[in-house]
Number of protein chains: 2
Amino acid sequence: MNDAPWMHGLHADTGYLLYRLGQRSGSAFNAALEQHGLRLRHHAILRYLATVDGARQRELADRLGYDPSAIVSLLDDLQQLGLAERRPDPADRRSRLVVLTPAGHDLLHTADHDSRRVTEDLLAPLSPTERATLNDLLQRISTL
Amino acid sequence: MNDAPWMHGLHADTGYLLYRLGQRSGSAFNAALEQHGLRLRHHAILRYLATVDGARQRELADRLGYDPSAIVSLLDDLQQLGLAERRPDPADRRSRLVVLTPAGHDLLHTADHDSRRVTEDLLAPLSPTERATLNDLLQRISTL
DNA sequence: GAACAATCATTGACAAGAACAATGATTGTT
DNA sequence: AACAATCATTGTTCTTGTCAATGATTGTTC
């Protein structure tokens with residue numbers, strides 16, 4: 001999705017700005033991840049798996065806000081790329097524990113780097129102090 | 001404060017926050033506009049038409065960043081709701097001038113009001129000063 | 001001015017994704 | 001033991017965006 005030059009002048013509503021910038025941010029991330037055969041949702045899963053190793057798919061769906069069926073196909077992709085594995089859950093035979101492979105860790109590292117560069121570009125017009133302020137404000141309204 | 005480990009790293013990345021908040025913001029707007037039978041894109045068109053009366057569809061597509069074919073169906077909706085009209089362009093018989101009807105102006109006003117309420121909810125955790133700061137920062141990175 | 005390319009709105013086809021219900025296997029509960 | 005609930009998965013439907021093709025008109029070039 002391309003960016004629109006209408007933002008000058010009257011359309012100053014913050015919510016709308018957020019929406020529009022979110023679009024731009026998302027497509028920029030997707031473009032950056034494309035070279036690895038991933039999209040934003042894959043990356044979100046990788047990132048989550050990197051923090052808690054061994055997550056059930058239901059947990060992924062809940063925490064990331066995706067439909068369980070979406071998790072399935074995303075994991076299929078990650079597994080085919082050798083970035084994640086589904087292991088049997090010793091505690092519950094109907095669920096599976098998803099873990100990152102070493103390759104998954106590696107890719108996550110480089111993908112994180114790429115993502116940070118995307119953010120750099122996005123925030124280019126802002127000074128370091130302003131970036132910190134923006135990050136703080138956004139985090140406050142993100143209500144996790 | 002002992003955050004969860006996944007709060008650090010990319011979850012705190014500003015670009016990613018923008019993306020997530022954009023998602024939330026967009027769906028909130030769509031929910032608010034649903035009662036009028038509109039979505040965000042319709043609203044964007046109405047808003048643009050309110051500033052320049054008499055816009056060719058191609059102009060809409062370019063300025064808003066939508067595909068021309070998308071404009072067609074969006075305008076069909078607006079026209080069926082009696083909010084906009086397609087008039088012949090005296091200067092070019094293959095293009096059409098799209099204008100807002102009085103009903104379109106009215107609905108835009110109330111829809112704007114609803115949108116502002118959505119934004120209020122979104123920015124609830126912030127003080128008025130902080131909201132102004134956020135709006136300023138967002139606007140700075142939205143103007144390319 | 002005639003021939004050709006370009007532009008406008010529109011339509012139709014198409015793939016991609018999200019949302020939702022249904023299923024088989026397993027576990028929890030009464 | 002019987003029944004409900006949960007997990008991953010599949011399948012289906014519906015929406016969306018994207019793209020190519022079309023008819024009408026305009027611009028351009030020789």
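Just the heavy atoms: all of them, side chains too, but no hydrogens, waters or symmetry mates, feed the values below. Note that the structure is predicted; figures quoted are calculated from it, not measured. Below, chains carry the letters A, B, ... as their sequence lines are ordered, and counting in each starts from 1.
Along DNA chain C, the nucleotide nearest A91(A) and the nucleotide nearest A70(A) are compared for position; the residue whose nucleotide lies closer to the 5' end is A70(A).
Atom CG in L74(A) sits roughly 14 Å away from atom P in dA8(D) (whole-Å rounding). Atoms CG (L97(B)) and C1' (dT25(D)) sit 15 Å apart, rounded to a whole Å. Spacing between atom CD of E59(A) and atom P of dC7(D) amounts to 11 Å, rounded to whole angstrom units. Between R58(A) atom CZ and dT9(D) atom P there is a gap of 14 Å when expressed in whole angstrom units. Rounded to a whole Å, the CG atom of N30(A) is 14 Å from the P atom of dA16(C). D92(B) places its CG atom 12 Å from the C1' atom of dA6(C), with the value rounded to the nearest Å. Here dA19(C) presents its P atom at 10 Å from CD of Q23(B), a figure rounded to the nearest Å. Protein atom CG of D67(A) is 11 Å distant from nucleotide atom C1' of dT9(D), rounded to whole Å.
To the nearest 0.5 Å, atom CG of residue N30(A) and atom OH of residue Y19(B) are 7.0 Å apart. Between H43(B) atom NE2 and H36(B) atom NE2 the span is 9.5 Å, to the nearest 0.5 Å. Rounded to the nearest 0.5 Å, atoms CG (L60(B)) and CG (L49(B)) are 5.5 Å apart.
A salt bridge is absent between E85(A) and R96(A); no separation between the charged side-chain nitrogens and carboxylate oxygens falls under 4.0 Å.
Under the Watson-Crick or G-U wobble criterion, with both distances below 3.5 Å, dT29(D) is paired with dA2(C). The partner of dC19(D) is dG12(C), by the rule that a Watson-Crick or G-U pair needs both atom distances under 3.5 Å. With a cut-off of 3.5 Å on both pairing distances, the Watson-Crick or G-U wobble partner of dT29(C) is dA2(D).
Proximity note for R41(B) (side chain, C-beta onward) versus dA18(C), dT26(D), dG17(D): the nearest is dG17(D). Closest to the side chain of R93(B), out of dC19(D), dA9(C), dT26(D), is dT26(D). Closest to the side chain of R56(A), out of dA9(C), dA8(D), dT10(D), is dA8(D).
Counting non-hydrogen atoms under 4.0 angstrom, S95(B) reaches the backbone sugars and phosphates but no base.
A close approach under 4.0 Å does occur between a side-chain nitrogen or oxygen of R39(B) and OP1 or OP2 of dT16(D). Residue R86(A) places at least one side-chain N or O closer than 4.0 Å to OP1 or OP2 of dT9(D). Residue R96(B) places at least one side-chain N or O closer than 4.0 Å to OP1 or OP2 of dT10(C).
A donor-acceptor contact under 3.5 angstrom links the side-chain atoms of R94(B) to the base of dT7(C).
When each of L137(A), N135(A), D136(A) is paired with T133(A), the side-chain contact (heavy atoms from CB on, under 4.5 Å) condition holds for L137(A) and for no other.
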